[in-house]
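Heads up, the thing below is written out as structure tokens.
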Amino acid sequence: MKETHHNTLDLGRFAKQQLHKVWLDLVSDPMGKPVAVPVLIYRGRHEGPVLGLTAAIHGDELNGIPVIQRVFREIVNMDIAGTLVGVPVVNMPSFLRRQRRFIDGVDLNHIMPGRPDGNVSQVYAHRLFEGIVRHFDYLIDLHTASFGRINSYYIRADLRNKTSKALALLQHAQIIVDNPPLDGTLRGAAASLDIPAITLEVGNPNTFQRGFIRSGITGLYNAMIYLGMIDDELEEAKEEAVVCHSSTWIYTTTGGLLTVLPNLTQMLEKGELIAHQYDIFGDKLKEYHAPEKGVVIGKSTHPVNQTGGRILHLGFY
């Protein structure tokens with residue numbers, strides 16, 4: 001279907017059983033031209049919930065884009081109830097610049113739902129949230145690690161919320177972290193409107209990883225089946241996810257060249273060696289050890305590490 005530009009997203013205006021490709025104009029650039037985000041919309045023949053899928057709120061987080069694209073390519077051949085809305089790139093200005101943060105250096109996932117009378121990033125966040133996310137009944141927000149780090153395929157969700165817990169368990173993730181929504185995040189802003197939401201971390205930045213992408217697609221179909229949008233059988237995971245009650249990043253206490261030893265999803269014992277650090281002459285400066293028993297969720301891969309740099313993300317189960 002031909003792409004169209006809109007200033008508001010009124011889902012009731014879009015014809016059922018048709019794939020709609022929409023540009024939603026949010027703000028204007030210095031030339032007065034619209035800065036728009038791409039939105040995919042598919043309304044099923046039957047009434048049902050609105051499931052929102054968002055990706056690339058950070059401009060370098062790419063794995064979620066083909067996940068959303070693939071689901072919409074296939075959903076047009078299915079008889080669904082409700083509406084599926086996908087935003088393959090939330091942070092369009094940063095995506096075009098191949099940067100993580102917004103053009104004023106702000107992390108969009110720290111300022112949601114923004115402000116109508118705020119600065120550059122706050123207004124963009126506000127119009128995105130009000131124009132798109134407020135229409136959702138459920139939200140799955142797709143992320144990846146950031147530059148210099150890699151992630152397992154894991155979920156952050158508030159497991160006290162029955163629906164969020166169910167959606168998290170259906171994603172075939174390697175790890176699930178019980179993580180109540182934080183102020184400023186897209187997930188937290190959605191939860192403040194009683195929109196059950198989960199964050200899906202789909203691997204690494206600035207790349208497409210086919211295995212993680214396939215897992216993400218399966219998880220989204222499971223979510224639609226659970227929500228009654230598709231009449232089908234849930235696909236069971238081959239392995240159960242490791243469920244963590246909390247997690248933390250471990251940081252360096254000095255600068256130097258860092259080597260992180262454990263692999264992603266590796267189980268660690270308290271006191272186990274996790275990294276060593278050398279100075280520029282090759283002399284060992286420091287060793288780092290696991291503070292508690294846990295599982296490796298993510299880790300640093302960039303050797304150049306300043307004091308207070310990240311070593312690894314450890315989940316406690």
Side-chain angles (χ1 to χ4, degrees), residues 9 24 37-40 49-69 71-72 84-92 94-95 100-102 107-114 124-126 128-146 151-159 161 163-173 175-205 212-213 215-217 219-224 226-227 297-298:
L9 192 65
L24 187 67
V37 295
V39 185
L40 292 159
V50 178
L51 172 60
L53 312 174
T54 54
I57 195 170
H58 300 117
D60 60 351
E61 297 184 344
L62 307 183
N63 268 336
I65 298 172
V67 173
I68 293 175
Q69 291 172 336
V71 169
F72 275 90
L84 190 65
V85 180
V87 187
V89 179
V90 167
N91 189 345
M92 183 57 77
S94 298
F95 172 77
R100 179 175 178 81
R101 292 172 176 260
F102 202 65
D107 187 331
L108 280 187
N109 208 37
H110 287 171
I111 61 167
M112 291 291 171
Y124 186 95
H126 172 78
L128 176 103
F129 190 82
E130 293 296 320
I132 302 175
V133 179
R134 183 176 284 275
H135 296 280
F136 299 163
D137 295 318
Y138 305 93
L139 168 65
I140 299 178
D141 186 28
L142 289 83
H143 288 249
T144 74
S146 62
N151 271 347
S152 59
Y153 177 61
Y154 83 97
I155 303 287
R156 291 196 303 274
D158 184 356
L159 300 186
N161 182 288
T163 303
S164 296
K165 180 178 181 179
L167 291 173
L169 291 170
L170 290 169
Q171 299 305 307
H172 292 191
I175 300 168
I176 298 173
V177 180
D178 185 6
N179 180 226
L182 301 174
D183 291 343
T185 64
L186 185 59
R187 180 166 64 96
S192 70
L193 297 181
D194 295 323
I195 300 171
I198 64 172
T199 300
L200 178 54
E201 293 280 355
V202 195
N204 306 337
F212 283 167
I213 291 167
S215 296
I217 292 166
L220 296 187
Y221 277 122
N222 272 350
M224 287 187 282
Y226 169 77
L227 296 174
I297 299 172

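Here the closest non-hydrogen pair linking Ile175 and Ser152 is CD1-OG, 3.7 Å. Ala191 and Pro181 make their closest contact through CB-CG, 3.7 Å (heavy atoms, listed as atom of the first residue, atom of the second, distance). The shortest heavy-atom contact between Pro38 and Val89 is CD-O, 3.6 Å. The shortest heavy-atom contact between Ser164 and Asp158 is CB-O, 3.6 Å. Between His58 and Asn109, the shortest heavy-atom distance links the atoms NE2-CB, 3.8 Å. Heavy-atom minimum distance, Ile195 versus Val133: CD1-O, 3.8 Å.
With Val87 as reference, Ile132 is the one residue of Leu40, Ile132, Leu24 to meet the side chain to side chain contact (heavy atoms under 4.5 Å, CB included) rule.
Taken from CD1 in Ile57 to CZ in Phe95, the straight-line distance is 15.0 Å, to the nearest 0.5 Å. Summarising the geometry, atom CG belonging to Leu139 is positioned 4.5 Å from atom OG1 belonging to Thr54; distances are rounded to the nearest 0.5 Å. To the nearest 0.5 angstrom, Ile198 atom CD1 is 11.0 Å from Thr163 atom OG1. To the nearest 0.5 Å, atom CD of residue Glu130 and atom CG of residue Leu9 are 12.5 Å apart. Rounding to the nearest 0.5 angstrom, the gap separating the CG atom in Leu220 from the CG atom in Leu51 is 7.5 Å. For the atom pair Tyr124 OH and Met92 CE, the distance stands at 7.0 Å (nearest 0.5 Å).
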Open item on the list: Pair Lys165, Ile176 - check side-chain contact (heavy atoms from CB on, under 4.5 Å), show working.
Closed with: CA-CA 9 Å; Lys165 180 178 181 179; Ile176 298 173; over 6 Å; no

- [ ] Evaluate the side-chain contact (heavy atoms from CB on, under 4.5 Å) criterion for residues Ile217 and Val71: first the C-alpha distance (whole Å), next the side-chain angles of each, then the deciding distance (0.1 Å), finally the verdict.
- [x] CA-CA 7 Å; Ile217 292 166; Val71 169; 4.3 Å; yes

TODO: Mind running side-chain contact (heavy atoms from CB on, under 4.5 Å) on Leu53 and Leu84 for me, showing each step along the way?
DONE: CA-CA 8 Å; Leu53 312 174; Leu84 190 65; 4.0 Å; yes

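Between the side chain of Ser94 and the backbone N or O of Arg101, at least one donor-acceptor pair lies under 3.5 Å. The backbone N or O of Val202 lies less than 3.5 Å from no partner atom in the side chain of Thr144, so there is not a single donor-acceptor pair. In terms of modelled atom types and a separation under 3.5 Å, the side chain of Asn151 and the main chain of Glu201 share no donor-acceptor contact. Not a single donor-acceptor pair under 3.5 Å links the side chain of Asp137 to the backbone N or O of Pro49. The backbone N or O of Gln171 lies less than 3.5 Å from a partner atom in the side chain of Tyr153, making a donor-acceptor pair.
Screening residues 187-196 for side chain to side chain donor-acceptor pair (under 3.5 Å) gives Asn179-Arg187, Arg187-Thr199 as the qualifying pairs, with residues at least two apart or on separate chains.
Residues Leu142 and Asn63 fail the side-chain proximity criterion, which asks for heavy atoms closer than 4.5 Å.
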